[in-house]
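Right, one structure below, let's go through it.
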Amino acid sequence: MATTTPDFLARCLERPAYGFEREGAFYRPSKREIFHEFFSRLNLAASRKNWLPLWSWAIVGLLGLALALFLVRHFTWPLAGLGLAYALVVLGTHGTIYLHRYSTHRAFRFRNRFWLFVVRNLTVKVVSEELYVVSHHVHHRYSEKPGDPYNVNGGWLYCFLADVNHQVVAQDLSPVDYARVSRLVERTGVHANDYAGYRRWGTISSPVPTLLGFAGNWAFWYAALWLAGGHALALAIFGMSGVWAVGVRTFNFDGHGRGRDRRRAGIDFGRTDLSVNQVWPGYVASEWHNNHHLYPSGARSGFLPYQVDLAWQFVRFCAWAGVVSSYRDFREEFLRDHYQPYLRSRELAAEA
């Protein structure tokens with residue numbers, strides 16, 4: 001991951017103080033090193049360039065405040081269940097649709113920017129496109145290798161605090177590299193800094209439009225929920241969104257087998273990394289992770305009959321309604337190249 005490497009993705013993220021590798025191998029930092037890096041990157045007094053990672057965790061704090069208000073003043077079991085269902089299924093599926101399949105992997109296209117705006121704000125906004133998209137490209141290039149921003153071999157804490165420690169855009173990009181990295185998020189609607197703005201703020205995203213975008217999204221959804229069910233409903237939804245904001249930071253650690261090879265024959269066909277298909281993330285968030293790593297640019301990752309994929313159904317509905325103009329689906333390729341050969345091998349083994 002040296003800055004002299006010709007691979008653009010190897011140099012587009014800011015290296016932590018402890019580095020990604022030592023003597024050519026992945027370096028697993030201590031918890032003390034991870035926490036030191038984390039708090040140093042939240043220090044706005046040290047550098048204005050820390051604004052985006054600080055905002056990433058300020059979101060958690062604000063949603064946590066909503067959760068506390070709900071628990072203390074408005075708690076009921078039905079509202080808690082509704083809020084949790086919203087967080088797990090609605091936010092989870094929307095993240096798969098918008099952040100994962102559209103913004104990062106460009107698995108489908110919207111007919112125009114109006115529909116992009118609508119789908120982008122279809123739920124309470126929790127995650128910054130910049131922190132998600134750029135680092136996710138790097139993750140796919142270097143899965144479980146030095147430079148993977150949420151390398152499962154780094155442990156749970158390494159993955160959990162990755163948005164601050166490993167997912168920030170590099171601060172010393174050349175004009176050419178900055179133009180390339182900013183193009184990674186150009187389809188998301190992010191208001192991108194020019195090169196001078198990037199040098200000033202250390203980010204692709206411009207602070208004022210970013211914060212106004214979050215404020216507008218939150219104001220709209222809080223008002224809509226308040227009209228539908230008062231502060232109790234609004235705080236339940238926003239508060240449980242905070243639970244999702246914390247929980248989603250643990251996904252990649254679990255989705256890559258917690259650092260062990262948990263792949264199963266007939267279920268996990270990708271063999272280039274440790275990603276696994278899990279029923280719970282698959283059902284609640286349409287994230288069949290091993291399938292996704294096999295075909296990252298596909299709008300569908302649930303290929304087998306039991307692999308429910310609500311995100312794919314949403315994309316198909318939008319295509320039928322004229323909201324989505326095109327998409328990519330690799331189910332036939334998966335069946336031809338992976339599943340059918342597996343079934344044939346089982347038949348031959350049974351006959352032997």
Side-chain angles (χ1 to χ4, degrees), residues 1-20 36-60 95 98-100 102-106 113 116-117 120-121 125-142 146-150 161-217 249:
M1 290 292 295
T3 56
T4 56
T5 178
D7 189 345
F8 160 68
L9 288 177
R11 60 179 183 269
C12 70
L13 296 179
E14 183 72 3
R15 295 167 61 87
Y18 44 76
F20 289 121
H36 183 271
E37 185 75 12
F38 178 76
F39 288 112
S40 69
R41 290 199 180 190
L42 296 182
N43 187 353
L44 198 62
S47 172
R48 67 168 68 94
K49 295 180 180 182
N50 290 332
W51 76 271
L52 188 56
L54 178 62
W55 174 241
S56 181
W57 277 85
I59 291 168
V60 175
Y98 169 66
L99 289 169
H100 203 177
Y102 173 77
S103 297
T104 305
H105 296 293
R106 307 186 179 194
R113 294 185 70 84
L116 165 61
F117 176 82
R120 183 188 189 193
N121 291 285
K125 189 171 179 63
V126 177
V127 178
S128 156
E129 289 92 343
E130 175 178 336
L131 289 177
Y132 186 100
V133 170
V134 177
S135 63
H136 199 70
H137 280 285
V138 180
H139 166 65
H140 272 268
R141 177 67 64 84
Y142 300 105
D148 181 352
Y150 19 93
L161 300 182
D163 63 323
V164 172
N165 288 15
H166 315 129
Q167 294 176 228
V168 178
V169 169
Q171 307 294 291
D172 58 353
L173 294 172
S174 68
V176 172
D177 277 349
Y178 175 67
R180 292 182 68 185
V181 77
S182 63
R183 282 198 293 271
L184 294 178
V185 299
E186 66 182 356
R187 292 183 65 194
T188 66
V190 166
H191 183 89
N193 282 314
D194 58 18
Y195 188 69
Y198 153 73
R199 294 294 292 173
R200 175 176 175 78
W201 293 106
T203 55
I204 303 168
S205 308
S206 183
V208 172
T210 298
L211 297 180
L212 287 177
F214 271 90
N217 173 280
R249 288 168 159 85

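The first residue in the sequence is number 1, and the count goes up from there.
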Min side-chain heavy-atom separation H137-L184 under 4.5 Å: yes

On a heavy-atom basis, the closest approach of F20 and G147 is CB-N, 3.6 Å

Does R187 offer a backbone N or O that forms a donor-acceptor pair with the side chain of Y102 under 3.5 Å? yes

Restricting to salt bridge (Lys or Arg N to Asp or Glu O under 4.0 Å), what partner residues turn up for D177, sequence neighbours left out? R11

Could you tell me whether the side chain of Q167 and the main chain of S135 form a donor-acceptor pair under 3.5 Å? no

Do you know the tightest heavy-atom contact between L116 and G189? CD2-N, 4.2 Å

Would you please name every residue forming a salt bridge (Lys or Arg N to Asp or Glu O under 4.0 Å) with E14, sequence neighbours left out? none

Heavy atoms, side chains only, cut-off 4.5 Å: are L131 and L52 in contact? yes

If I take atom NZ from residue K49 and atom OG1 from residue T203, how far apart are they, to the nearest 0.5 angstrom? 9.5 Å

CG-OG distance between L54 and S47, expressed to the nearest 0.5 angstrom: 11.5 Å

On a heavy-atom basis, the closest approach of Y195 and L173 is OH-O, 2.6 Å

Please check this pair: side chain of S103 against backbone of H100, looking for a donor-acceptor N/O pair closer than 3.5 Å. no

Is the backbone N or O of W201 less than 3.5 Å from a side-chain atom of R48, with the two atoms forming a donor-acceptor pair by type? no

Can you check whether P16 reaches R41 side chain to side chain, under 4.5 Å on heavy atoms? yes

State, to 0.1 Å, how close V138 and L13 come at their nearest heavy-atom pair, and which atoms those are. CG2-CD1, 3.8 Å

Taking P149's backbone N and O only, do any of them form a donor-acceptor pair with H139's side chain (distance below 3.5 Å, no angle check)? no

Tell me yes or no: between the side chains of N121 and N217, is some donor less than 3.5 Å from an acceptor? yes

Could you tell me whether a side-chain N or O of T104 sits under 3.5 Å from a main-chain N or O of L99, the two making a donor and an acceptor? yes

Regarding R200 and the six-membered ring of W51, is the cationic atom NZ or CZ under 6.0 Å from the ring centre and inside 45° of its axis? no

Worked verdict on Y142 versus D7 for side chain to side chain contact (heavy atoms under 4.5 Å, CB included): CA-CA 11 Å; Y142 300 105; D7 189 345; 2.5 Å; yes

Within the side chain of S182, is there an N or O that forms a donor-acceptor pair under 3.5 Å with the backbone of Y178? yes

Can you see which heavy atom on P53 is nearest to which on L42, and at what distance? O-CD2, 3.5 Å

Ignoring hydrogens and geometry, is there a side-chain-to-backbone donor-acceptor pair from R199 to Q171 under 3.5 Å? yes

Side chain to side chain contact (heavy atoms under 4.5 Å, CB included) between S56 and R249, intermediate numbers included: CA-CA 11 Å; S56 181; R249 288 168 159 85; 3.0 Å; yes

Write down the atom of V134, the atom of I204, and the distance for their closest heavy-atom approach. CG2-CD1, 4.0 Å

Calculate, to the nearest 0.5 Å, the distance between atoms NE2 and CG belonging to H36 and N165 respectively. 11.0 Å

Atom CZ in F39, atom CG in L161: separation rounded to 0.5 Å? 8.0 Å

Quick one: does E130's side chain have a donor or acceptor within less than 3.5 Å of a partner on V185's backbone? no

Y198 (side chain) donor-acceptor with A192 (main chain) under 3.5 angstrom: no

Crowded around F117 CZ? As in, over 12 foreign heavy atoms under 6.0 Å? no

Please enumerate all residues that pass ring pair (Phe, Tyr, Trp, His ring centres under 6.0 Å) together with H140, with sequence neighbours excluded. H105, H136, H292, H293

Ring centroid separation for Y150 and H166, is it under 6.0 angstrom? no

